[in-house]
Amino acid sequence: MMKSSKWGGVMAAGALVLLAACGGGKSEPEAVTASQESQAALLDSADGADWPGYNRSYGEQHFSPLTQINDSNVKDLGLAWSLDFDPTTGNPASQPIAVNGVIYVATGMNLVKAIDAVTGKIKWEYDPHTGEKAGNKLRSNWGTRGLSYWDGKIYIGTVDGRLIAIEAATGKELWSQLTVDPGDGRYITGAPRIFDGKIIIGHGGADSSNNRGYVTTYNAETGKQLWRFFIVPGNPDDGFEDETQEMAAKTWKGEWWKQGGGGAAWNAFTYDPETDTILIGTGNGAPWNQKIRSPGGGDNLFLCSMVALDAKTGKYKWHYQFNPGETWDFNAAMDMPLADLTIDGKPRKVVMMAPKNGFLYVIDRTNGKLISADKIARVTWASHIDLKTGRPVEVPEQRYPDGGPVTVWPAYRGAHSWMPTSFSPKTNLIYIPKLEVAGIYSDKGMDLKNWKRVGVGAADLGVNLGFDVPDPLHNTSSLLAWDPVTQKKVWEVKTIGGWNGGVLSTGGNLVFQGQLNGKLSAYSADKGQELWSFDAQNAVLAAPISFMVNGEQYVAAMVGMGTSVASHQGSLGGLTFDYRTQKRRLMVFKIGGKATLPAKGPAWVAKAFDDPEFKADDKLAFEGMVVAGRYCVACHGIDLVAAGGAPDLRTSPTVLDEATFLGIVRDGMLAAQGMPKNNDLTDAQLKAVRQYIRTEANNLRTGKKKQGGSSVGG
C-alpha cells in the first residue's frame, strides 16, 4: 500500500465514500485498493510524493509539485548518496522512477535494480538476459529509457521486444509477453506507459528493418493483450483491419508495404483521463526518402503524427499530422504534455509537442485542431504553419527534388529529440532541451526505383546524409523556456555541444537540467537564473526526477553517456567519452546532503592500438566503411569515433587477432554484453570491416584525416 498522504489523490481519482444505508449514520471510506492508489498517484493533481511513471503523471508534464526544495534554499542542495554501476552495465542514460521510498532504474540490456531511496542500498536486481535473445536487433539498439509502476509491479520493455512485469517488492518476474514477431527487427527502447489498469507499448526498428509501426495494449495485471493499433496501413490485398486503415491507405502511393512504411511509436504516449483518450506520438517514414517509400507523394498517414485513440477499445478518434509525406526523419515521437491554458480569453484543454521539425505546437486535445505553432529553432524546410489548414507551408527545394545535396535545418536529430520537455502549471511555461543542427541530404546516384533494404539491423535510410555543415550555429544547444500561449521565448540558457539533457520543473520555482560536460544545474523557473550546480563527472542526459520520503524531498538523476547520442562524437562540443571507464551512476540529492563523489580521473583520450604489421588497402577499407556505416555506427560511432555507447574500436587490440575478431563480430562471443552476432555478413565483408578498423586506428595513430567524410548512407 502507498503512503496515507495519497488519500487526497485517491479521492480525486474517484474512490467511493460510502454513506450508511440507514439511520443517517456516519460516512466511512471504502477500503482503498492498490489499483486505486496507483491510479491516484498518476493523476496530474497527485501530491508528487512518488514518481511512478516516466514523466510522473498521465499528463506527461515531467513536473513535480513538491516545494520543499525551492528557489530560496536550493543553494543548500547537496549529495545525499551516489551509486556507481558496473562499467559493463551499458547504456546509463535511463530515467529512474520512485515509489514508496524505493528507486527503480534500468540500464544497458534491461538490467533492473531496486534501490533504497534513503540509503542507496540495492534491494534486488533483475536480468532478463536480453543480449542473448535479441540477435541482430542489437545492431541498432542500446537499451532502455525507463520503467513504469502500477499496483506493486514494475514494467519494462526489452531490446528483443518483450514486455515484462516484475514484482516490485522482490524482483520476481510475474509475466512476460513478446510484443513483436521473432526476427522482425522490431525492438523496444521506450518506457511503457500505464493508463487505467492497462499498459501500452510501441517499438522501434523502422530505420533498420522493413517494419509497419503499431502499438499494443495489455492488461497490466495479467499481461493479456487487449488491442493493437497499426500506425500505417498494410498491403491492401490482405484486407484492412478496420476503416481507419482503409482511410489511411488512400494517402499512400506505390507498394509502400514492401518496406513496411515505418511510423514506429517508440517513445511517447499521453493519457487524458477526462476523455479516456490515449495519445500516440508516431515516428518517421521508412525508408526516410519518400521517393522510394511512396513514389508520387501523398500524406502517408499516420507518419509523424499525434493520434488519439479510445483508451478502452483502441479505436481511432482523431489525428494531427505534423509533417505530411515527411522525408527528413522528422519523427513526432517526442513527449506530449497536457495543460489547461487560457488562450484568447477562453479556457482551452490542450496538448503540446515540440517534435523534431523545429516548431512548438499547441493543439486542442478534445478534437485535434491546431491552435498555434511557431518556430523554436532555425527552420528551413518550411516558412510557417498555416493555422487554417494546420499544414506546413514547405520550401519545395528542401525535399531534394533533383537529388540534392541540400542543407536542411533542423536535420534528422531534430530541434528537440527524445529528452523530455517539462511543463510547469505554476509558470505556464514549457521548458525545452533545444538543439540546433543541420544535415546535408542527397540521393544522387541511388537507384531509387529498385532500392531494397540490405538486411535486418542495417541503418538503411534511402538517402545519403552528411553532417559537416560550416555554420557556427550547427551542433549547439540550449535550455529554452517558452510561453505556449503567446508562442514567445521567455528565457534561454546556452548549453555545451549539440545535445543536452531532459528537463524537470518543480513547484519550488525550479528547473533542473544536465549537460554533456556533467554539469547538473537548477535554474529559477520564472527567470532562468542559475541558482545551483553540481559536477556529476560525466554527461547527464536522462531527465532528473523528484520525490519525497519520510517528509523529505529528494532529486535524483542518472549519469552517463548512452542512447544514439553516443554515435555522434562530432556533436559533443569537443568532449570525449570512453565506454569502459566513463561514470555510470545514480545521484540522489537533498537539502543539507554532505556526501561526495569519488575523485574525478583525467579526461580520456583515445589512443590507437599498436599495429606494426598494418598495410594500407584503401579500396578494401572503403568497402569496410560502407558495411560499418550500415551495421556498426549506431553503437561504435560515425567514422568509428565512439562516444561512450560502445568501445572505441580504434583502441581495441582484439582486432589484431583475426580469430578473436571473428569470434566477437561474427559468432557473438559478447552477445550478453550487447555486441550482436553478425553471422549474416560474408567473409569478404568481415575482412573489409577489419581492414577499415585498422585503417582508422592507423589514422588516429598518425594523425591523418579520418576516412568517411562524416556521413552515413542508404
Side-chain angles (χ1 to χ4, degrees), residues 1-3 34-35 37-38 41 49-54 56 80-134 143-160 162-177 188-192 194 199 201 218 220-223 542 545 547-550 554 556-560 562 583-588 595 672-674:
M1 293 289 288
M2 293 187 182
K3 299 173 282 299
S35 294
E37 289 195 347
S38 294
D50 288 336
W51 192 286
Y54 183 69
R56 188 181 73 86
W81 56 267
S82 65
L83 177 65
D84 280 18
F85 296 158
D86 187 282
T88 62
T89 194
N91 168 59
S94 179
Q95 185 180 289
I97 58 174
V99 179
N100 286 343
V102 180
I103 297 174
Y104 303 91
V105 67
T107 58
M109 293 293 99
N110 312 118
L111 304 174
V112 184
K113 292 180 173 62
I115 306 164
D116 187 290
V118 175
T119 66
K121 181 180 179 181
I122 296 175
K123 299 171 72 70
W124 54 256
E125 297 178 296
Y126 169 80
D127 183 358
H129 300 286
T130 297
E132 299 97 312
K133 300 176 185 293
T144 183
R145 289 182 177 85
L147 308 160
S148 288
Y149 173 92
W150 176 270
D151 200 5
K153 291 175 283 296
I154 303 297
Y155 299 89
I156 186 170
T158 68
V159 171
D160 58 299
R162 285 173 290 164
L163 177 64
I164 299 174
I166 307 164
E167 188 172 59
T170 65
K172 175 185 176 182
E173 182 180 307
L174 298 176
W175 56 256
S176 175
Q177 288 283 9
I188 299 172
T189 57
I194 306 292
I199 184 165
I201 195 71
Y218 299 86
E221 181 65 30
T222 66
I545 68 170
F547 55 91
M548 186 169 281
V549 183
N550 299 327
Y554 293 83
M558 284 290 293
V559 178
K583 307 301 181 184
R584 297 174 175 87
R585 61 169 54 117
L586 174 64
M587 305 185 305
V588 177
Q673 284 75 48

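Each residue takes its place number in the sequence, starting with 1.
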**Report entry** Derivation of the side chain to side chain contact (heavy atoms under 4.5 Å, CB included) call for Ile166 and Val112
**Finding:** CA-CA 9 Å; Ile166 307 164; Val112 184; 4.1 Å; yes
Query raised in the report: Under 3.5 Å, is there a donor-acceptor pair between the Arg145 and Thr189 side chains?
Result: yes
Requested in this report: Kindly indicate, with the supporting measurements, whether the criterion side chain to side chain contact (heavy atoms under 4.5 Å, CB included) is fulfilled by Ile115 and Lys121.
Outcome: CA-CA 6 Å; Ile115 306 164; Lys121 181 180 179 181; over 6 Å; no
Report task. Applying side-chain hydrogen bond (donor to acceptor under 3.5 Å, both in side chains), name anything that partners Arg585, two or more places apart in sequence or on another chain. Result -> Asp84, Gln537
**Report entry** Side-chain touch Thr130/Arg162, heavy atoms, less than 4.5 angstrom
**Finding:** yes
**Report entry** Worked verdict on Met587 versus Val559 for side chain to side chain contact (heavy atoms under 4.5 Å, CB included)
**Finding:** CA-CA 7 Å; Met587 305 185 305; Val559 178; 3.6 Å; yes
Query raised in the report: Do you know the tightest heavy-atom contact between Ala556 and Val588?
Result: CB-CG2, 4.0 Å
**Report entry** salt bridge (charged side-chain N to carboxylate O under 4.0 Å, His left out) partners of Glu125, counting only residues at least two apart
**Finding:** Lys113
Query raised in the report: Where is the tightest heavy-atom contact between Val105 and Ser94, given as atom of each residue plus distance?
Result: CG2-O, 4.3 Å
Report summary line: d(Leu586 CG, Ser82 OG) to nearest 0.5 Å is 8.5 Å
Report summary line: salt bridge (charged side-chain N to carboxylate O under 4.0 Å, His left out) filter on Asp127, not counting sequence neighbours, yields none
Report task. Look only at the side chain of Asn91 and the backbone of Ala93, and say whether a donor-acceptor pair between them is shorter than 3.5 Å. Result -> yes
Query - pair Ile122-Leu83: side-chain heavy atoms closer than 4.5 Å - result: yes
Requested in this report: Give a yes or no on whether the backbone of Leu163 and the side-chain of Gln177 come within a donor-acceptor separation of less than 3.5 Å.
Outcome: no
Report summary line: Note: Gly157 and Ile188 closest approach over all heavy atoms is CA-CG2, 3.7 Å
Query - Sub-4.5 Å side-chain heavy-atom contact between Trp81 and Val118 - result: no
**Report entry** Atom pair CD1 (Ile156) and OH (Tyr126), whose distance is rounded to the nearest 0.5 Å
**Finding:** 8.0 Å
Query - Over all atoms of both residues, closest heavy-atom pair of Ile164 and Ser176 - result: CG1-OG, 3.7 Å
Query raised in the report: Ala114: what forms a side chain to side chain contact (heavy atoms under 4.5 Å, CB included) with it, not counting sequence neighbours?
Result: Val102, Tyr104, Lys123, Trp124
Report task. Check for a donor-acceptor pair, side chain of Thr144 on one end and backbone N or O of Asn110 on the other, with a separation under 3.5 Å. Result -> no
Requested in this report: State which residues pass side chain to side chain contact (heavy atoms under 4.5 Å, CB included) with Pro92; sequence neighbours excluded, sorted by chain then number.
Outcome: Met558, Arg584
Query raised in the report: Quick one: are Ser38 and Tyr149 in side-chain contact, heavy atoms under 4.5 Å?
Result: yes
Query - Atom of Pro52, atom of Ala41 and distance for their closest heavy-atom approach - result: CG-O, 3.8 Å
Query raised in the report: Atom NE2 in His129, atom OG1 in Thr158: separation rounded to 0.5 Å?
Result: 12.5 Å
Query - Non-hydrogen side-chain atoms of Phe85 and Thr107 separated by less than 4.5 Å - result: yes
Requested in this report: Check ring-ring contact (aromatic ring centres under 6.0 Å, His included) between Phe547 and all other residues, then give those that pass, not counting sequence neighbours.
Outcome: Tyr554
Requested in this report: Find out whether Glu167 and Glu173 are in side-chain contact, i.e. whether some heavy atom of one side chain is under 4.5 Å from a heavy atom of the other.
Outcome: no
Report summary line: Output for pair (Glu132 CD, Asp160 CG), nearest 0.5 Å, gives 10.0 Å
Requested in this report: For the pair Trp51 (side chain) and Pro96 (backbone), establish whether a donor and an acceptor sit closer than 3.5 Å, ignoring hydrogens and angles.
Outcome: no
Query raised in the report: Is there a donor-acceptor contact under 3.5 Å linking the side chains of Gln95 and Tyr54?
Result: no
Query raised in the report: How far apart are the closest heavy atoms of Ala117 and Val549, and which atoms are they?
Result: CB-CG2, 4.2 Å
Query raised in the report: Among side-chain atoms of Asp151 and Ser35, is any donor-acceptor pair under 3.5 angstrom?
Result: yes
